[in-house]
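Structure first, commentary second.
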Amino acid sequence: MLVTGGARGIGAATAKRFASEGAAVVVADFDEGAAQETAAEIGGQAVRCDVTRREDVEAAVETAVSRGGSLDVLVTCAGIIRDNLLFKMTDDDWDAVIDTHLKGTFFAVRAAQKQMVEQKSGKIVLISSTSALGNRGQTNYSAAKAGLQGMTKTLAIELGPYNVNVNCVAPGFIATAMTQQTADRIGVPFEQFMQAAAEQVPLRRVGQPEDVAGTIAYLCSDDAAYVSGQVVYVAGGPRT
Ligand code: NDP
């Protein structure tokens, strides 16, 4: 299996979950050192991969195919935020977020489907967000995350005839470097930021990367063999 953005956060938890179930895992990330650390922990393989670069992504898919002998699972976790209110959002803020999430995922699924269509099997999980429903300061990110939901449905239609399931998970607040970055930006201690976030969640806690990894594992399991084109919110309940 191949997980982009697998060095930390949700991607790393997903890599660990799949490795614990016996998968040959390739951890692809911008940050090669961190990818190597995660891969070493789970007996996987690290590849340096900037998902905005087609050649990097195609090479990562090739590595996964040669390591596993096939490509059973692709999970696209690579992601960044460049939050700002619209009037302060720069062209670079827009391009970086759209390129990483939308173009990066496009490159990954296009490269992966080649192998999956040939082998007539595969599972693909894209990562959206509750921000797809709208979030102040995230014009770029919410547009990208809503786009990934549309991409999921189209891919499920195109790849279904080849026995490839394509689904999407849309996490709410998950405690990772990304949410820490938001806390740092607004100058609130992370613990306090998480507590405030938890109060807005029906289950009264923030999510952990393992919560998302578990849902991804389910979507890639035989139990979800007839589930495709779906968006599963992993957010501790509906928005309040
Ligand atoms: P993290 O920042 O912990 O992990 C994201 C990883 O992606 C990092 O290792 C990062 O590397 C890597 N990455 C960034 N840009 C690229 C790139 N161009 N090519 C390859 N790798 C890249 O974030 P999360 O685990 O929280 O996020 C994972 C996914 O989940 C993202 O798509 C995010 O948008 C989504 N998500 C997260 C939520 C949350 O609350 N945490 C909520 C909803 C969705 P580096 O650190 O070097 O930049």
Side-chain angles (χ1 to χ4, degrees), residues 2-17 26-39 46-61 74-83 92 95-108 111 125-135 138 140-149 151-152 168-185 190 193-194 196-198 200-201 205-213 215-216 231-236 239:
L2 173 65
V3 54
T4 71
R8 34 179 155 258
I10 294 168
T14 303
K16 284 176 196 162
R17 172 69 190 250
V26 172
V27 176
D29 205 285
F30 208 42
D31 184 337
E32 195 177 6
Q36 271 164 357
E37 274 174 39
T38 302
V47 290
R48 203 208 70 82
C49 168
D50 176 351
V51 295
T52 67
R53 294 169 50 90
R54 180 170 47 77
E55 318 79 69
D56 281 13
V57 178
E58 290 178 354
V61 168
L74 167 71
V75 184
T76 57
C77 289
I80 57 167
I81 45 172
R82 293 281 185 276
D83 295 356
D92 281 351
D95 288 343
V97 168
I98 296 297
D99 280 1
T100 302
H101 294 275
L102 282 180
K103 199 194 258 181
T105 302
F106 164 66
F107 283 154
V125 179
L126 310 188
I127 312 295
S128 179
S129 165
T130 48
S131 294
L133 304 170
N135 199 21
Q138 291 195 320
N140 49 4
Y141 187 79
S142 62
K145 292 305 197 186
L148 289 171
Q149 297 194 8
M151 200 187 283
T152 300
C168 185
V169 296
F173 189 116
I174 310 296
T176 68
M178 185 176 275
T179 35
Q180 167 102 52
Q181 189 184 330
T182 304
D184 292 347
R185 188 176 60 83
F190 194 39
F193 188 57
M194 286 196 293
Q200 306 300 315
V201 176
R205 67 172 178 91
V206 300
Q208 296 301 322
E210 293 72 22
D211 290 315
V212 185
T215 306
I216 293 170
V231 178
V232 181
Y233 281 85
V234 183
R239 275 184 166 185

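Counting convention: from 1, in listed order, for ligands and their atoms alike.
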Below 3.5 Å only, please: the N or O atoms of ligand 1 paired with protein N or O atoms, distance on each line.
from	atom 1	to	atom 2	distance (Å)
ligand 1	9 (O)	D29	OD1	3.3
ligand 1	9 (O)	D29	OD2	2.8
ligand 1	11 (O)	D29	OD1	3.1
ligand 1	18 (N)	D50	OD1	2.9
ligand 1	19 (N)	C49	O	3.3
ligand 1	19 (N)	V51	N	2.9
ligand 1	21 (N)	F30	N	3.3
ligand 1	25 (O)	I10	N	2.8
ligand 1	26 (O)	T176	OG1	2.6
ligand 1	32 (O)	C77	O	3.3
ligand 1	32 (O)	K145	NZ	3.0
ligand 1	34 (O)	Y141	OH	2.5
ligand 1	34 (O)	K145	NZ	3.1
ligand 1	36 (N)	Y141	OH	3.4
ligand 1	40 (O)	G172	O	3.2
ligand 1	40 (O)	I174	N	2.8
ligand 1	40 (O)	I174	O	3.4
ligand 1	41 (N)	I174	O	3.2
ligand 1	41 (N)	T176	OG1	3.1
ligand 1	46 (O)	R8	NE	2.9
ligand 1	46 (O)	R8	NH2	2.8
ligand 1	47 (O)	R8	NH2	3.3

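Taking CG of D29 as the reference point, atom CG of D56 lies at 11.5 Å (rounded to 0.5 Å).
Although no hydrogens or angles enter the test, the distance criterion places no donor-acceptor pair under 3.5 Å between the side chain of R82 and the main chain of N140. Judged by distance alone, the side chain of D95 and the main-chain N or O of D92 form no donor-acceptor pair under 3.5 Å. With hydrogens and angles disregarded, a donor-acceptor distance shorter than 3.5 Å links the side chain of T38 to the backbone of A7. Between the side chain of K103 and the backbone N or O of R53, no donor-acceptor pair lies under 3.5 Å.
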Which is it for Y233 and L133 under the side chain to side chain contact (heavy atoms under 4.5 Å, CB included) test, yes or no, and what are the steps along the way? CA-CA 11 Å; Y233 281 85; L133 304 170; 3.6 Å; yes
